[in-house]
Each structure stands twice: as C-alpha cells, then as structure tokens.
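The structure appears below as structure tokens.
FYI, side chains are in, hydrogens and waters are out, and symmetry mates aren't considered; it's all heavy atoms of this structure. The first residue of the sequence shown is numbered 1, and numbering continues consecutively from there.
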Amino acid sequence: MEQKEVKLFTPATVANVSCGFDILGFCLDTIGDDMIIRKTEGHGITITKITGFDLPTTTTENVAGISALALMDYLKPNCGFEIEIHKRIKPGSGIGSSAASAAGSVFGINYLLGNPLNKTELTSFAMKGEAYASKAEHADNLAPALFGGFTLVKSTQPLQVLQLPTPSDLFAAIIHPQIEIKTADARAILPRETSLKNCITQTANMGSFVHALHTSDYDLIESSLKDVIIEPHRKALIPKFDTLKENVMASGALGCGISGSGPSIYTLCKGQDKAKAIAEVMTQIYSDTTIPFEIYVSKINTEGIKIK
C-alpha cells in the first residue's frame, strides 16, 4: 500500500565549527523540529500548519515551501504535498532553524516519492530555501541535517558534500541566549578580505580538525578548534562571549565558538559527563545577566533527519 504521510524529526545543527566558515557543520540529536509531509491528489505545495513560532504559511515566503517548490519543479510528480511544521528551534538562534525546515521538506517529499534523489541532490534543493532566509546560498547547516554527523562542503557549484567520521565519545553543550541575530546581519559585519597570516592559520586548523575526526584525536580537536577570521568580528554581537569561552575552556571543553551566525555558543566535549559539567558553567555565567537562555546537551547525531 502506498505511503501517503511521513512524520519526521528534523534536527538542529551547528555550522562553521570555528575553523570552517561556510564549510563545516555537525548535527545535533536532542534539539529539533517535527514535520509531517502528506501526499495530496492535487498539485503544488501547501503549508497547512506551523506551531511554535509565528512564521509565514505562504509557500513562497517560507523556506520549507521554497525548497519543496524547487524540488517539485525538477521532479514534476503527478501529485501535490502538504507540509506541517512544529518548530522547536527558534528562528535566528544560530542552530539551523531554517535549515531544519528546508531539509525536512525535501527529505519528506523525496521519501514519499520513493527516494529518487540522493542526499547531495536534496541538499541542493534545500539550499534554495536557505538562501531566502540568509540571503546567501550555503549548505553548512543543511548538509549535516541530511547526512548526519560532521560534514564538509567542498564546493557549492557544483555541490560536493563530504561526510566526515564522528569520534564516538564526542558531545556538544550549547547555550542559546534569547536574543536574535539575523544571519544576513551577521554576514554584513564581516570583512571582505583577511591577511595571509590568518588564512594560513585557519587553513591549518581546519585541516588538522578533519584529521582529528578521522583519528579520534581529542587533543588535536582541542588545538584545532580556533577561529582567527570570523569570531573576532562576530563575538561583539554576543554578550559575555569572551567570559564564557574562557571559563568553559578552563573547565575542560575541547573547543568553544559561535554556532552559525549566533547568538548560540557551542562547545565540544569528550564524554557526556563533561558536556553536562560545561553546561553548568554556561548556566552560571548567563545566570548573572538579565538575558533568558536555554541550554542543550547532545551527542552528535550521526543519522540526521529521522523518520518517526
């Protein structure tokens, strides 16, 4: 019997990962949205319900709808689809809210059509929706949502995504201060050029980090998670960033940086107990402010989007 509905968990993601601006990303396991995709008799895409946050249901003004339309235009199926989104990832949080919706819509439609497209092709269609949200076509949040684990976007034209190994004892602790930083604004403050010295340092860090993932070298992960190009400019947008980073690193985090364009701050830790301890350090620092915040501890999700 033909399946006409699929329920999905569409995960939050961390992009940039300090040394890999617009290139590296990883997938989270305890934070994400729920989506329901239904096949319909008619044609086209309809967004029937959004809960959690006030987002447009007009198909051409929603990242899930835009991505789905791009996919439909390519596949031209003899049916339509309804999309229901139950958002738990706050828009503008820096942990891939728009990417979860864009990736979920193309994944669900592809699944109900018998999976004619591979994950790289799905990422390319999801990029159309992501570009609407961030004013730039990039895949460093989308790729880990669709592939799972750590991913490296080698190029966007043509799109090439590399799936990287995930050390088994790697956990993330993330704080989301409840302030909004729009991706487009965070990109606008970045310099157009950087020094050769910084370029060499950043390249060495990213190459070392990729090697560390392949060899499960936690010490090398720690020495590689450094950003000398983007973070120095963006950290001014996030209250208490320097204080928090100094304290979590002193408490044993492997690395700490801005998640995506912020305001969320991610840490990577060896072991769940250490991640929980780092989350406590984050909590203590932001408890001294008037800014509300949320804390998440998550194992790296090596599966990506999950069928419920």
Side-chain angles (χ1 to χ4, degrees), residues 6-17 24-37 45 47-57 59 61-71 81-111 119 122-134 136-151 153 161 172 174 176 180-183 259-264 266 294 296 298-308:
V6 64
K7 296 180 180 179
L8 306 173
F9 169 76
T10 57
T13 49
V14 170
N16 299 336
V17 198
L24 291 175
F26 65 85
C27 189
L28 299 170
D29 202 36
T30 56
I31 322 154
D33 298 338
D34 291 320
M35 295 180 70
I36 302 171
I37 316 290
I45 300 291
I47 299 174
T48 57
K49 181 192 280 189
I50 299 177
T51 64
F53 295 97
D54 185 19
L55 294 168
T57 55
T59 307
E61 297 175 6
N62 185 289
V63 296
I66 293 166
S67 300
L69 287 171
L71 181 69
F81 292 92
E82 293 178 350
I83 300 173
E84 197 173 304
I85 307 169
H86 301 282
K87 286 212 74 67
R88 295 178 180 84
I89 314 170
K90 185 177 181 181
S93 60
I95 50 174
S97 180
S98 59
S101 296
S105 71
V106 296
F107 180 98
I109 291 171
N110 188 59
Y111 176 81
K119 291 177 180 179
L122 292 180
T123 304
S124 69
F125 290 113
M127 286 171 67
K128 304 303 179 185
E130 182 77 328
Y132 179 81
S134 63
E137 203 166 275
H138 54 93
D140 50 343
N141 280 111
L142 295 165
L146 285 160
F147 284 79
F150 283 85
T151 56
V153 180
V161 176
I174 293 169
H176 173 210
E180 185 169 351
I181 298 175
K182 291 195 175 294
T183 303
S259 178
S261 55
S264 289
Y266 85 91
E294 293 179 353
Y296 308 101
S298 174
K299 191 171 178 61
I300 309 303
N301 171 3
T302 56
E303 186 179 347
I305 294 172
K306 299 178 183 181
I307 297 170
K308 299 182 72 176

Within a strict 4.5 Å, meaning less than it, do heavy atoms of the [X] and [Y] side chains meet?
X	Y	answer
I305	P11	yes
F107	L8	yes
I174	S298	no

For residues 6-16, which residue pairs pass the side-chain hydrogen bond (donor to acceptor under 3.5 Å, both in side chains) check, not counting sequence neighbours?
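Pairs touching residues 6-16 that pass the test: T13-N141.
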
E61 meets the salt bridge (charged side-chain N to carboxylate O under 4.0 Å, His left out) criterion, sequence neighbours left out, with none

Under the rule for salt bridge (charged side-chain N to carboxylate O under 4.0 Å, His left out), what residues qualify as partners of K306, not counting sequence neighbours?
D29

Not counting sequence neighbours, which residues clear side-chain contact (heavy atoms from CB on, under 4.5 Å) with I50? List them please.
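For I50, the residues satisfying side-chain contact (heavy atoms from CB on, under 4.5 Å) (neighbours in sequence not counted) are I47, L55, T57, N62, I85.
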
Quick check for you: to the nearest 0.5 Å, what is the distance between [X] atom [atom1] and [Y] atom [atom2]?
X	Y	atom1	atom2	result
T30	F9	OG1	CZ	7.5 Å
T59	I83	OG1	CD1	7.5 Å
I45	I66	CD1	CD1	12.0 Å

Distance-only donor-acceptor hits, side chain of residues 125-132, under 3.5 Å, sequence neighbours excluded:
unit_1 : atom_1 : unit_2 : atom_2 : d
E130   : OE1    : S98    : OG     : 2.5

Please enumerate all residues that pass side-chain hydrogen bond (donor to acceptor under 3.5 Å, both in side chains) together with [X], with sequence neighbours excluded.
X	answer
E84	R38, H86
S264	none
S97	K87
D140	H138

Of all heavy-atom pairs between [X] and [Y], which one has the smallest distance, and what is that distance?
X	Y	value
A100	D33	CB-OD2, 3.9 Å
A68	V106	N-CG1, 4.3 Å
M35	S105	CE-N, 3.7 Å
H176	P263	CD2-CG, 4.1 Å
L28	I31	CD1-CD1, 3.6 Å

Using side chain to side chain contact (heavy atoms under 4.5 Å, CB included), reason through F53 and I89 one step at a time and then give a plain yes or no.
CA-CA 9 Å; F53 295 97; I89 314 170; over 6 Å; no

Check: G94 main-chain N/O paired with S259 side-chain donor or acceptor under 3.5 Å
yes

Please tabulate, one pair per line, all N/O donor-acceptor pairs under 3.5 Å involving side-chain atoms of residues 144-151, not counting sequence neighbours.
none

Kindly determine whether V153 and T123 satisfy side chain to side chain contact (heavy atoms under 4.5 Å, CB included), including the steps that lead there.
CA-CA 11 Å; V153 180; T123 304; over 6 Å; no

What salt bridge (Lys or Arg N to Asp or Glu O under 4.0 Å) pairs are there with at least one residue in residues 88-106, not counting sequence neighbours?
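Qualifying pairs: D34-R88.
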
